[in-house]
A.B. asks: 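Below are the structure tokens for one structure; questions will follow.
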Amino acid sequence: MNASATRRAGIHAWLALVALLAATTSSAWLDLGWGNTALNLGIACAKAALIGVYFMHLRRATGAVRMATLAALLLLGVMGGLGLADVLTR
Amino acid sequence: MSLSPPHPQFASALVQHRAVRLGMWVFLATELMFFGPLFGGYLQGRVLHAAAFAAASRHTNVVAGTLNTLVLLTSSLCVALAVEAVQRRDARGGRRGLWCATLLGLAFLAIKAWEYAGDWREGLLPGAGFRLAGATGGTELFYWLYFAMTGLHALHLTIGMLLLAVFAVKLRAQPAGALGNAVEVAGLYWHFVDVVWVFLYPLLYLVGRHG
């Protein structure tokens with residue numbers, strides 16, 4: 001990708017991030033029950049993915065970087081899952 | 001891609017570039033473990049005291065939170081443009097992006113300070129002075145997490161601002177090619193701090209808004 005295309009992609013990613021922020025904020029005033037939380041977290045994951053791909057260049061990452069990232073996310077999931085296993089089964 | 005001559009322990013500039021990036025990603029993985037337990041604590045509190053967390057979250061300053069999200073997302077774009085400029089060996093463009101991001105970081109902290117001052121006046125600081133109407137144990141736990149998570153985030157943001165400012169100053173004296181790797185990994189750190197906020201924002205500010 002040449003320089004101006006990289007810049008354009010970054011600006012487009014920022015526009016998408018702002019649109020997602022508007023969506024998550026406005027949806028908070030609709031009563032969707034636990035759907036609000038699911039929608040908010042879904043949008044947060046989409047924003048994190050945009051930042052990861054367009055600003056942190058995860059697409060160009062080497063296998064070692066991908067492994068370090070996935071291992072961290074996996075371990076966080078294990079910790080969160082084990083923590084929840086306690087409170088959900090009381 | 002700007003590749004300056006490698007340090008002697010690296011076979012080539014490309015190998016050094018990969019090692020530098022891997023090092024920062026591994027550090028960010030440990031940072032995730034640092035923030036992780038707070039998110040885990042939040043998850044448990046939210047499950048055990050769903051109504052109290054919703055009631056407490058309604059009292060956060062959603063205008064400040066939303067504005068700060070916009071400020072941080074924009075600062076990340078500035079950093080991404082700065083990294084891209086430095087890799088094109090455009091030191092001026094790199095400095096501009098880094099200073100813009102540093103100023104946006106300052107704006108974030110100023111908004112946060114205004115917000116904390118309001119929280120303090122409303123008696124939302126956990127402890128003997130905590131006085132939220134109809135408060136239960138769950139609401140105080142929410143505010144304990146709110147201050148711990150936003151405080152730890154603000155500390156990381158402050159460190160990030162110092163890093164960006166140092167490299168903005170260094171770009172004046174040193175050629176952009178020599179700083180490509182350093183600016184790139186400082187940028188990775190800044191984006192990580194942004195991602196943490198992206199998750200903090202809905203969890204702290206948007207729960208129970210419709211109630």
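Because the structure is predicted, anything quoted here is derived from the model rather than measured. In what follows, chains carry the letters A, B, and so on, assigned in the order in which the sequence lines appear, proteins first and then strands, with residues in each chain numbered from 1.
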A.B. asks: What part of B:Val79 is in contact with chain A, defined as an atom under 4.5 angstrom from a non-hydrogen atom: side chain, backbone, both or neither?
C.D. replies: neither

A.B. asks: Measuring heavy-atom distances to chain A, does B:Leu48 have an atom under 4.5 Å in its side chain, in its backbone, in both, or in neither?
C.D. replies: side chain

A.B. asks: Under a 4.5 Å heavy-atom cut-off, does chain B meet the side chain of A:Leu76, its backbone, both or neither?
C.D. replies: both

A.B. asks: Taking non-hydrogen atoms and a cut-off under 4.5 angstrom, which of residues 105-112 of chain B neighbour chain A?
C.D. replies: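 The residues closer than 4.5 Å to chain A amount to none at all.
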
A.B. asks: Considering only heavy atoms from C-beta outward, does the side chain of A:Thr24 approach that of B:Leu206 to under 4.5 Å?
C.D. replies: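 Sidechains of B:Leu206 and A:Thr24: in contact.
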
A.B. asks: Of the backbone (N, CA, C, O) and the side chain (C-beta and beyond), which part of B:Tyr205 lies under 4.5 Å from a heavy atom of chain A, both, or neither?
C.D. replies: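 Neither part.
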
A.B. asks: With a 4.5 angstrom heavy-atom cut-off, which part of A:Trp14 approaches chain B: side chain, backbone, both or neither?
C.D. replies: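 Only the side chain of A:Trp14 comes within 4.5 Å of chain B.
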
A.B. asks: Under a 4.5 Å heavy-atom cut-off, does chain A meet the side chain of B:Leu81, its backbone, both or neither?
C.D. replies: side chain

A.B. asks: Within the structure provided, determine whether A:Leu84 and B:Leu43 are in side-chain contact (heavy-atom separation under 4.5 Å).
C.D. replies: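 Heavy-atom side-chain distance check passes, below 4.5 Å.
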
A.B. asks: So what's closer than 4.5 Å to chain B heavy atoms on A:Leu58: side chain, backbone, both or neither?
C.D. replies: side chain

A.B. asks: Is the side chain of B:Gln44 donor-acceptor paired with the backbone N or O of A:Gly83 at a distance under 3.5 Å, no angle test?
C.D. replies: yes

A.B. asks: Can you find a heavy atom in the side chain of B:Leu203 that is under 4.5 Å from one in the side chain of A:Leu41?
C.D. replies: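 Yes, at least one pair of side-chain atoms sits under 4.5 Å.
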
A.B. asks: Relative to chain A, which segment of B:Val47 carries a heavy atom at a distance below 4.5 Å: side chain, backbone, both, or neither?
C.D. replies: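 Only the side chain of B:Val47 comes within 4.5 Å of chain A.
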
A.B. asks: Does a sphere of radius 6.0 Å around CH2 in B:Trp144 hold more than 12 heavy atoms from other residues, nucleotides or ligands, not counting ones at 6.0 Å or beyond?
C.D. replies: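 Open.
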
A.B. asks: Is the shortest heavy-atom distance from the side chain of B:Leu188 to the side chain of A:His57 under 4.5 Å?
C.D. replies: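 When only atoms from C-beta onward are counted, A:His57 and B:Leu188 do not touch, as no gap falls below 4.5 Å.
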
A.B. asks: Examine whether an atom of B:Thr74 lies under 4.5 Å from a heavy atom of chain A, and if so say whether it belongs to the side chain, the backbone or both; otherwise answer neither.
C.D. replies: both

